[in-house]
There are 2 protein chains.
Amino acid sequence: MKLSTRTRYGVRLMVVLARNYGKGPVYLKDIANEEEISEKYLSQIIIPLRGIGLVTSSRGAYGGYVLSKPASEIRLREIVEVVEGDCLVDCVKNPSFCSRAETCATRDVWDLLGEKISETLDSITLDQLLEMDKEKHKKPFRKDKKK
Amino acid sequence: MKLSTRTRYGVRLMVVLARNYGKGPVYLKDIANEEEISEKYLSQIIIPLRGIGLVTSSRGAYGGYVLSKPASEIRLREIVEVVEGDCLVDCVKNPSFCSRAETCATRDVWDLLGEKISETLDSITLDQLLEMDKEKHKKPFRKDKKK
DNA sequence: TATATTTACTACCAATTTACTAGTGATTAA
DNA sequence: TTAATCACTAGTAAATTGGTAGTAAATATA
């Protein structure tokens with residue numbers, strides 16, 4: 001059970017957009033440089049995020065991407081679900097995947113586990129993540145403060 | 001984020017062993033037939049389960065596998081962890097996987113998510129799963145009860 | 001002891017998925 | 001008009017998944 005780079009990159013991408021919210025569109029190229037991720041790859045990952053209306057794009061010179069709404073109104077669950085795409089186990093959503101689905105107790109466990117994962121991701125908003133990020137990037141205290 | 005068939009099969013395998021606890025060793029062949037899973041594949045999946053002492057094997061005629069302890073003392077987390085093998089995101093356990101690990105807020109999120117998954121699986125014992133399974137296989141009520 | 005039956009171990013493999021790269025076209029500010 | 005950006009499609013090498021195949025080792029029973 002591995003989280004794909006798509007999802008990890010997708011979330012990092014959204015954190016950058018959150019950090020720049022209100023400052024106009026951000027170039028994918030800049031995000032790619034900042035996060036050291038291939039721009040082309042990011043351009044694929046951002047498609048579904050635009051698709052569900054989490055980000056808005058503008059083309060042409062001085063184009064770029066912006067969050068469609070404040071980071072406080074975006075939950076990690078939305079991002080992960082749409083970028084990751086699939087669910088833990090197919091038979092949970094689609095019982096016809098397995099003839100045993102109706103009488104399978106393990107299926108109920110995977111259903112529950114999927115719910116817990118969703119709950120956890122739903123409890124975290126993008127701006128909480130941004131705050132955590134800011135906190136982590138604070139310089140440690142020094143007597144001789146740098147400008 | 002998909003759960004592998006290995007893990008799903010591994011848990012089903014353990015449920016069968018739980019169902020037969022106290023009745024002597026169970027042939028892998030019988031488990032394979034009952035669960036409609038390749039015997040050879042199951043024989044690979046069961047190796048790590050034996051490795052951490054969850055099941056005990058005996059070779060030769062009338063050999064087979066038994067649970068090493070009551071199902072009430074076995075938690076799903078143990079089964080899934082050892083069969084699945086990997087963690088959600090490499091950098092959580094091994095920060096050297098990513099140079100950004102120390103200042104990466106998303107990493108903390110994946111760490112938390114991994115913890116929640118572990119907690120959920122740790123809250124379910126194999127005999128609870130067995131009880132759920134039994135419940136699901138109860139025949140629905142009929143006036144003309146079958147023998 | 002011979003034999004049938006079981007697990008143990010190693011090697012291999014096809015199909016799928018992942019994690020990209022490449023190129024072309026559409027759009028737009030200046 | 002042009003430079004810069006996103007949009008879309010196609011391809012692809014490497015890794016992973018989900019197995020199969022075969023042989024060896026162990027053991028209960030006749």
Side-chain angles (χ1 to χ4, degrees), chain A residues 1-13 16-17 20 24-33 35-51 53-68 83-91 97-98, chain B residues 1-13 16-17 20 24-33 35-51 53-68 83-91 97-98:
Chain A
M1 196 169 34
K2 271 250 171 297
L3 212 61
S4 64
T5 58
R6 275 182 69 88
T7 297
R8 291 184 285 115
Y9 290 175
V11 173
R12 283 165 60 185
L13 162 72
V16 176
L17 290 184
N20 289 279
V26 184
Y27 306 143
L28 208 53
K29 184 170 56 173
D30 290 344
I31 303 177
N33 287 339
E35 295 292 321
E36 294 172 298
I37 301 170
S38 147
E39 182 186 348
K40 286 287 189 184
Y41 195 27
L42 277 183
S43 79
Q44 289 176 12
I45 295 171
I46 208 169
I47 291 173
L49 292 168
R50 194 195 44 173
L54 251 37
V55 306
T56 305
S57 66
S58 42
R59 310 220 289 198
Y62 299 88
Y65 296 94
V66 288
L67 249 41
S68 304
V83 174
E84 190 80 17
D86 57 13
C87 56
L88 256 196
V89 173
D90 287 321
C91 62
F97 259 89
C98 178
Chain B
M1 194 171 34
K2 272 251 171 298
L3 212 63
S4 64
T5 57
R6 274 181 69 88
T7 298
R8 290 185 286 116
Y9 291 175
V11 173
R12 283 164 59 187
L13 163 72
V16 176
L17 289 185
N20 289 277
V26 184
Y27 305 144
L28 209 54
K29 184 170 56 175
D30 289 343
I31 303 176
N33 288 338
E35 295 292 320
E36 293 171 297
I37 301 169
S38 148
E39 182 187 345
K40 286 284 190 183
Y41 195 25
L42 278 184
S43 79
Q44 287 177 14
I45 296 169
I46 209 170
I47 291 174
L49 293 168
R50 193 197 43 175
L54 250 37
V55 306
T56 304
S57 65
S58 43
R59 313 223 284 200
Y62 299 88
Y65 295 93
V66 288
L67 249 42
S68 304
V83 174
E84 191 80 16
D86 55 14
C87 56
L88 256 196
V89 173
D90 286 322
C91 62
F97 258 89
C98 178

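Chain letters run A, B, ... following the sequence lines, proteins first, then strands; residues in each count from 1.
Distance, A:N33 CG to D:dT5 P: 11 Å, rounded to whole Å. In this entry the distance linking CG of A:L42 with P of D:dA7 reads 13 Å, nearest Å. In this structure, the CG atom of B:L49 is 12 Å from the P atom of C:dA8, given to the nearest Å. Atom CG in B:L17 sits roughly 11 Å away from atom P in C:dT7 (whole-Å rounding). Rounded to whole angstrom, the span from the CG atom of A:L28 across to the P atom of D:dC8 amounts to 14 Å. Straight-line distance from the CD1 atom of A:I37 to the P atom of C:dT21: 12 Å, rounded to whole Å. A:D30 places its CG atom 13 Å from the P atom of D:dA4, with the value rounded to the nearest Å. In this entry the distance linking CD1 of B:I45 with P of C:dT7 reads 14 Å, nearest Å.
Looking only at side-chain heavy atoms (C-beta outward), A:L28 and A:I31 come within less than 4.5 Å of each other. Contact check for B:L13 versus B:L49: side-chain heavy atoms found under the 4.5 Å cut-off. For the pair B:Y27 and B:Y65, the minimum side-chain heavy-atom distance is 4.5 Å or more.
The residue A:K29 sits close only to the backbone: its heavy atoms come under 4.0 Å of sugar-phosphate atoms, none of a base. Note on B:I47: nothing from the nucleic acid sits closer than 4.0 angstrom, heavy atoms only.
Under the ring pair (Phe, Tyr, Trp, His ring centres under 6.0 Å) criterion, B:Y41 pairs with B:Y9, not counting sequence neighbours.
Checking each of A:I47, A:V11, A:I45 against A:V83 for a side-chain contact (heavy atoms from CB on, under 4.5 Å) leaves exactly one that passes, namely A:I45.
Taking both residues in full, the closest heavy atoms of A:L3 and A:E84 are given as CD1-OE1, 4.2 Å, listed atom of the first, atom of the second, then distance. Contact detail for A:M1 and B:M1: the closest heavy-atom pair is CG-CG, 3.6 Å.
Atom NZ of B:K2 sits about 11.5 Å away from atom OG of A:S4, to the nearest 0.5 Å.
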Along nucleotides 10-21 of chain D, 5' to 3', which nucleotides get a B, which get an S, and which get a -, given that the test is a protein heavy-atom distance under 4.0 Å? B-------BBBB
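At a non-hydrogen distance threshold of 4.0 Å, A:S57, A:S58, A:R59, A:G60, A:A61, A:G64 from residues 56-64 of chain A come into contact with DNA chain D.
Here A:Y27 does not reach the OP1 or OP2 of C:dA29: none of its side-chain N or O atoms lies under 4.0 Å away.
At distances below 3.5 Å, not a single donor-acceptor pair connects side-chain atoms of B:S58 with backbone N or O atoms of B:G63.
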